[in-house]
Every structure is written in structure tokens, then in C-alpha cells.
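Below, read A as the first sequence line, B as the second, and so on, with proteins coming before strands; counting in each chain starts at 1. None of these values were measured; they are calculated from a predicted model.
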Protein chains: 2
Amino acid sequence: MQPFTVDDAEPTSAVLAVSGPPQIEVREASKLLREVLQLTSAFESKVSSALSVNRRDFDAMQHLIASGPLSPSQIARRLGVTTAAATIIVDRLTAVGHVTREPHPTDRRGVMVVPTPASVDAAMGHVLPLIMGVDRLLDDFTTTERAAITTYLRRVAHVYQEQLR
Amino acid sequence: MQPFTVDDAEPTSAVLAVSGPPQIEVREASKLLREVLQLTSAFESKVSSALSVNRRDFDAMQHLIASGPLSPSQIARRLGVTTAAATIIVDRLTAVGHVTREPHPTDRRGVMVVPTPASVDAAMGHVLPLIMGVDRLLDDFTTTERAAITTYLRRVAHVYQEQLR
DNA sequence: AACTGATAGTCAAATCATTTAGCTAAAAGG
DNA sequence: CCTTTTAGCTAAATGATTTGACTATCAGTT
């Protein structure tokens, strides 16, 4: 059995759906938000294998691309792993040429992990169409609609942050 | 160094931000969407450890809770792992009492993995406040605003699906 | 300048998670 | 029946992460 088939066109055998899912009723928008979450995960898996790295290493790459050079400890903090793990992640990324280790200019203990331009470009090639495609959607809405969408998302983020403490 | 600190109140040393992040300009909403994605991941990690399971096993639980009893192969398909991995996931979930293995009523090869009511309740206790908190946000918008939000999310999902082929 | 405590990065060994490959039993379709 | 497919499992191999060192450096005290 190989992993990663995304179908799930399961018959589900509606007859057997005794003790089925508990019915939590939420609105369309809430369901769609959840769906986008799932799709993101699938998308990132796809890009990861396109760049020949595992999900975790790609996650590190995303941070490096979004924020520029980071130290191994910063990477560790952002990914929620130990610094030992970060060392190994940087080892793997270095091995495939996605990053280089540069000496930290002022702290001689430190290391700066710098994404290579070629890899940034490669990653961008996969990710930009999505980012831009999503951003362009906003053009089809009126100013007030756009404002509502932004406010909604800001509040969603806020609810998440609340629940995170 | 322990994992999972969520702060990242890094000084970032604005001076050193030479070769900084490439500036891809997108609108507020797009950034917020990305932020919600990150927060979701943090939230799920938190709930996972509250339920004493790893992220993957919690992912399986989410599917079981959302869809009701599933076979190990269905779990494997949904998580994108091998059926061997699914066996082990179900082993671990069984060990901590989150699921039971029941014989499939009609297929004697098959197994139904059933989430235990207590664990469903426990998981719901963590997840429902978030789900409901997010869904309630919609009440503060007008009908047309709500429609815009829903349409936006539907289209976002669509763009993701496009990029997934 | 010399001490102390914290921080940065790494390594080796142990632990945990997943895949690969192979196996048995049962179902499904000629 | 007979063949092929499907479901689930196991054991061994591989991968990934943590734990617990250890060294070098930094930053603040005195």
C-alpha cells in the first residue's frame, strides 16, 4: 500500500453509518476554512517532494524564504523542535544545496543559515502561483466586501490566539 | 533546548537584515490567511499533547470524530500514510483508550476503528470552543458580507485545488 | 582582567515513527 | 471453482527527533 492518494471517494457505506459523526452545525464559511487548511497541507506535501525535501525541511525553507537568513536556534524555535533537530535539518538542507551555513558577522558562536538563490527561485516557482492566485481573488470583490473578508480573517486569527493560551 | 516555544520575539537585528526577505507584496487578507494556517498548526499541537497523542494520531482522531468509525485503510488513505502505519496508529490510539477495534459487520477481513465516547468528548472539549468561536464571528457581519466571505473562501479552496494538479 | 552564568551550535546514543516487503484470510468477479 | 484484489497485520530496515552531553563564546559582575 503506497501513501498519498488524495481521493477518498469512499463508498462510506451509508447503511453502516450507525454511530455516525456527531452533528456539529456550523456554516458554510467555517467548513470552507477547514477545507482550505486541509488543502494547504496537501499542497505543501506536494511542493516538498518537488523540492526533494521532507515536510519539516520545507517548513524551515518557508521561514528562511519569508524572513531571510536565520540562525539554527531561530529555526528551532519557529518549528518547535530542539536545536539538535535544527542542526540536522540544516545538514539535510545543505546536503541538497538549498542553504549554506555562513559565519555570523558579530557572534563567533553563531551561524547564519542562508537560503541559496537558486532554491529560493525554485520554491517561489511552486508557491508564487498559489499566493498570487489567492491574492488576486480579492480584486473581484467590492471595497466593503474586501474589508469584511479582512476583518473576518483578522478575527479568526484572534480567536485562535485566544484559544492558544 | 526544549521544543515548542511559540514566542519568536526575536530581536531579528534589523541591522543584519542584509539579504533580507524578498518583498512579495500581497494584501492584508492574504497575510492573515497564512497566519491562520500557522496558528492552526500550533493549536493542533497543543490539543494533541493535551490528549497525550502525537500530531499524526490526533489527525486520525479528527477524522474519526468528523466522520465516525473508519477502517484502518480509510485512515491510511486520509492521512496519506501506508496501511502498515495506520495499523500502528490505531495500536497507539487503542493503547491510550481513544479508540477501539470492532469487527466489521459484513466484511470479515475488515475492522472498524471506533472512537470512544469519552475521548470524543475530551477532544470536543478542546476543539469546540475554537470551532464555535470562529463560526460565531459570522454573526457580526451583514448578509452580503457573509456571502462575500463564503465566496472568497470557496474560491480560495478552488485555487488550491487548481494548484494541486 | 578574571569569574560566572547564559547562549549557540554540534554530536552520539536512545527513542519514536514510518516504510518496505512479505504473509494470511476473506471477498469479488469471472 | 479459480484467480485476482482487498484488508489488515508483522518484522526488519530506514528516517527523524529527542536526550544528554560537551566546547566555544558572549555578557555581565566584580
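Nearest nucleotide to the Ile89(B) side chain, out of dT18(C), dC11(C), dA11(D): dT18(C). Here the side chain of Pro72(B) is nearest to one of dT17(D), dT19(C), dC9(D), namely dC9(D).
At a threshold of 4.5 Å between non-hydrogen side-chain atoms, the residues Phe58(B) and Leu93(B) do not count as touching.
For the pair Phe58(A) CZ and dA16(D) C1', the interatomic distance rounds to 19 Å; values are reported in whole Å. Distance, Leu93(B) CG to dA17(C) P: 11 Å, rounded to whole Å. Look at CG on Leu79(B): it is 9 Å from P on dT18(C), rounded to the nearest Å. Here the P atom of nucleotide dA13(C) and the CD1 atom of Ile88(A) are 13 Å apart, to the nearest Å. Atom CG of Asp91(A) is separated from atom C1' of dT10(C) by 9 Å (rounded to the nearest Å). In this structure, CG of Asp59(A) is placed 14 Å from P of dA16(D), rounded to the nearest angstrom.
An OP1 or OP2 oxygen of dA7(D) is reached within less than 4.0 angstrom by no side-chain nitrogen or oxygen of Ser71(B). Between Thr82(A) and dT18(D) there is a side-chain polar atom (N or O) within less than 4.0 angstrom of OP1 or OP2.
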Query - Footprint string (nucleotides 21-29 of chain D, 5' to 3'): B base within contact, S backbone only, - free, heavy atoms under 4.0 Å - result: ---BBS---
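Counting non-hydrogen atoms under 4.0 angstrom, Arg55(B) reaches nothing in the nucleic acid.
With hydrogens and angles ignored, the 3.5 Å screen pairs no side-chain donor or acceptor of Ser119(B) with any backbone N or O of Pro115(B). Judged purely by atom type and a 3.5 angstrom limit, Ser67(A) has no side-chain atom pairing as donor or acceptor with the backbone of Leu64(A).
Each salt bridge (Lys or Arg N to Asp or Glu O under 4.0 Å) pair with one or both residues in residues 57-68 of chain A, not counting sequence neighbours, appears once here: Asp57(A)-Arg92(A). Under the salt bridge (Lys or Arg N to Asp or Glu O under 4.0 Å) criterion, no residue pair touches residues 110-122 of chain B, with sequence neighbours excluded.
Partners of Arg34(A) under the salt bridge (Lys or Arg N to Asp or Glu O under 4.0 Å) rule, at least two apart in sequence or in another chain, are Glu44(B). Considering only residues two or more places apart in sequence or on other chains, Arg165(B) meets the salt bridge (Lys or Arg N to Asp or Glu O under 4.0 Å) condition with Glu162(B).
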Query - Criterion side chain to side chain contact (heavy atoms under 4.5 Å, CB included) on Val90(B) and Arg101(B), from CA distance to verdict - result: CA-CA 8 Å; Val90(B) 174; Arg101(B) 263 187 251 247; 3.5 Å; yes
Please tabulate, one pair per line, each protein N/O and nucleotide N/O from nucleotides 13-15 of chain D that are separated by under 3.5 Å, including the distance.
none

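Rounding to the nearest 0.5 Å places OG1 of Thr150(B) at 11.0 Å from CG of Leu33(A).
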